J.: 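Shown below is the structure under consideration.
All residue numbers in this chain count up from 1 along the given sequence. None of the values given here were measured: they were computed from a predicted structure.
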Amino acid sequence: MVILSAPPPCSLFTSAAAAAAGAARASSPACSSWRAASIFSVKVSSSVEFCPSAKSVRGMAEIFGGDKTNGSATAAAEALAASGSSSSCSVSELSLSLNFVDFRTEEDLLSGIRKAAESGRLPLNVTQGMEELYQNYRNAVYQSGDPKAREIVLSNMALAFDRIFMDVKGDNIVLMSNHQTEADPAVIALLLESTNPNLAENMIYVAGDRVITDPLCKPFSMGRNLLCVYSKKHMNDDPELVEMKRRANTKSLKDMALLLRGGSTIIWIAPSGGRDRPDPVSGEWYPAPFDVSSVDNMRRLVEHAGVPGHIYPLAILCHDIMPPPPKVEKEIGEKRMISFHGVGLSVAPEIGFHAASLEDPEKNKAAYTQALYDSVNEQYNVLKSAIHGKQGLNASTPTVSLSQPWQ
């Protein structure tokens, strides 16, 4: 979770850990207008159950470069807190999501390659090629007689290996999220760019049609990777455009399927079909319910991609910076009220879907959707306590752990 306040600009997540190496493939928005202090939230449970079946999950620690051998997502928070550490990283800590630039010795670098091969993250021929490249480059640099030959070899090869590893087909990641403002993609990217620039730059956002039809909406997602899908809420606004919108949605789904088949894709989607709104009576904000068909369509795209895929529930709290109108408006031209306020981001462990003992497929789909929504809602409430309740880190619960990595 991230809370905006007033420390130095752009000093967001200061973690040495890699973000979804091989899971994500664009420039980030300028950050001069944002000042941020970061609190990152990790849900601590190591497994998630929902009716009718459950799947063991790997916590978000894996995505953010955590220790694969430690089932607790607390390891991710601790890794994030180790900002800019100069000590060498152990191979086991980076067995799933490698960040070669953190290695400080030749032994660690080569062991990291072999570890990736053993876990199936690198093909054998690529592993052999990387080792051969390292040996040849090392010999050439050492022959130069440069007194800093060792540092030059490690630095350049670590960068090269990082790029090679990211180009190898990796798993797909889908973040099922609530949606609060037109600036959500920019907010998410900003909160990730310091420590996870590849994630920030390469995340793909499933956006509504207002992104391309409303000229005042476009600037808030400039520089982001977008796939446009017409929301059900606006599908019938103009009867003459219904068929065009359906064709456009079909094309977007095909484009998404192609991206997922290629692997190493990370997609953010809000299955509610629109932005959250406050309760008309109490004025309280809460995540809008997820649409079952939207969740199921995305799940099936992931499952049929031919590449391993994982679905994570993500909660974002940022409505105060630019809240939407109280009600859904058909007409283009909504008023945009902007203010300076806290922003929160939280990700829980993967929630998997098993269809092994289906008695009622529709109930199973609804149960899976509800499980994702419940997780988002739980995380959102913790973010709300931290930001609106001014509890900060003290808002942490046994299952949602908050941290400010650079403190």
Side-chain angles (χ1 to χ4, degrees), residues 1-42 60-61 63-66 76-77 79-85 97-102 159 162-163 165-166 170 173 175 177 179-207 211 218-226 264-268 312 314-318 321-322 340-347 383 387 402-407:
M1 167 212 159
V2 177
I3 293 181
L4 291 182
S5 55
C10 302
S11 52
L12 299 161
F13 296 146
T14 52
S15 163
R25 286 279 175 239
S27 62
S28 299
C31 49
S32 58
S33 61
W34 303 84
R35 293 179 296 171
S38 163
I39 293 184
F40 180 72
S41 168
V42 181
M60 206 59 186
I63 285 190
F64 286 91
L80 284 167
S83 61
S85 173
S97 194
L98 288 175
N99 190 15
F100 289 101
V101 295
D102 287 328
L159 289 171
D162 223 35
R163 173 49 55 189
F165 186 75
M166 288 191 64
I173 300 292
L175 302 171
S177 174
H179 178 25
Q180 298 226 301
T181 75
E182 292 171 327
D184 282 6
V187 170
I188 293 170
L190 178 63
L191 302 184
L192 296 174
E193 69 177 356
S194 290
T195 57
N196 303 300
N198 290 309
L199 194 86
E201 293 174 6
N202 297 299
M203 189 180 296
I204 297 168
Y205 299 87
V206 179
V211 170
K218 291 180 182 180
F220 297 107
S221 54
M222 289 178 66
R224 309 271 61 85
N225 307 304
L226 305 177
S264 302
T265 298
I266 181 164
I267 295 175
W268 177 94
Y312 294 84
L314 180 147
I316 183 170
L317 190 158
C318 63
I321 65 171
M322 193 170 68
F340 183 86
H341 205 277
V343 169
L345 185 68
S346 174
V347 185
L383 298 178
I387 298 172
L402 306 180
S403 67
Q404 271 187 311
W406 62 64
Q407 289 191 349

J.: Within the 4.5 Å heavy-atom criterion, are His341 and Ile387 side-chain neighbours or not?
T.: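 Yes, close enough: below the 4.5 Å cut-off.
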J.: Look up atom OG1 in Thr265 and atom CG in Asn225, then write down how far apart they are to the nearest 0.5 Å.
T.: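 The OG1 atom of Thr265 sits 10.5 Å away from the CG atom of Asn225.
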J.: Enter the distance from Cys318:SG to Leu191:CG here, rounded to the nearest 0.5 Å.
T.: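 Atom-to-atom, Cys318:SG and Leu191:CG are 9.0 Å apart.
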J.: Does the pair Tyr205 and Ile188 meet the rule for a side chain to side chain contact (heavy atoms under 4.5 Å, CB included), with working shown?
T.: CA-CA 10 Å; Tyr205 299 87; Ile188 293 170; 3.7 Å; yes
J.: Rounded to the nearest 0.5 Å, what separates atom CG in Leu175 from atom CG in Leu199?
T.: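 One gets 7.5 Å once the value is rounded to the nearest 0.5 Å.
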J.: Between Trp268 and His179, how do the two ring planes meet: parallel, tilted or perpendicular, split at 30° and 60°?
T.: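 Perpendicular, since the angle between the ring planes exceeds 60°.
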J.: Might you point out which heavy atoms bring Leu192 and Met203 nearest each other, and give the distance in Å?
T.: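 Scanning both residues, the minimum pair turns out to be CD1-CE, 4.0 Å.
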J.: Can you measure from CG (Asp184) to CE (Met322) and round to the nearest 0.5 angstrom?
T.: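 Here the interatomic distance stands at 8.5 Å.
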J.: Measuring from atom CG of Leu383 to atom CD1 of Ile316, what distance do you get when rounded to the nearest 0.5 angstrom?
T.: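 That separation rounds to 9.5 Å.
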J.: I need the minimum non-hydrogen distance between Gly170 and Ser264, along with the two atoms involved.
T.: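 Looks like N-OG, 2.5 Å.
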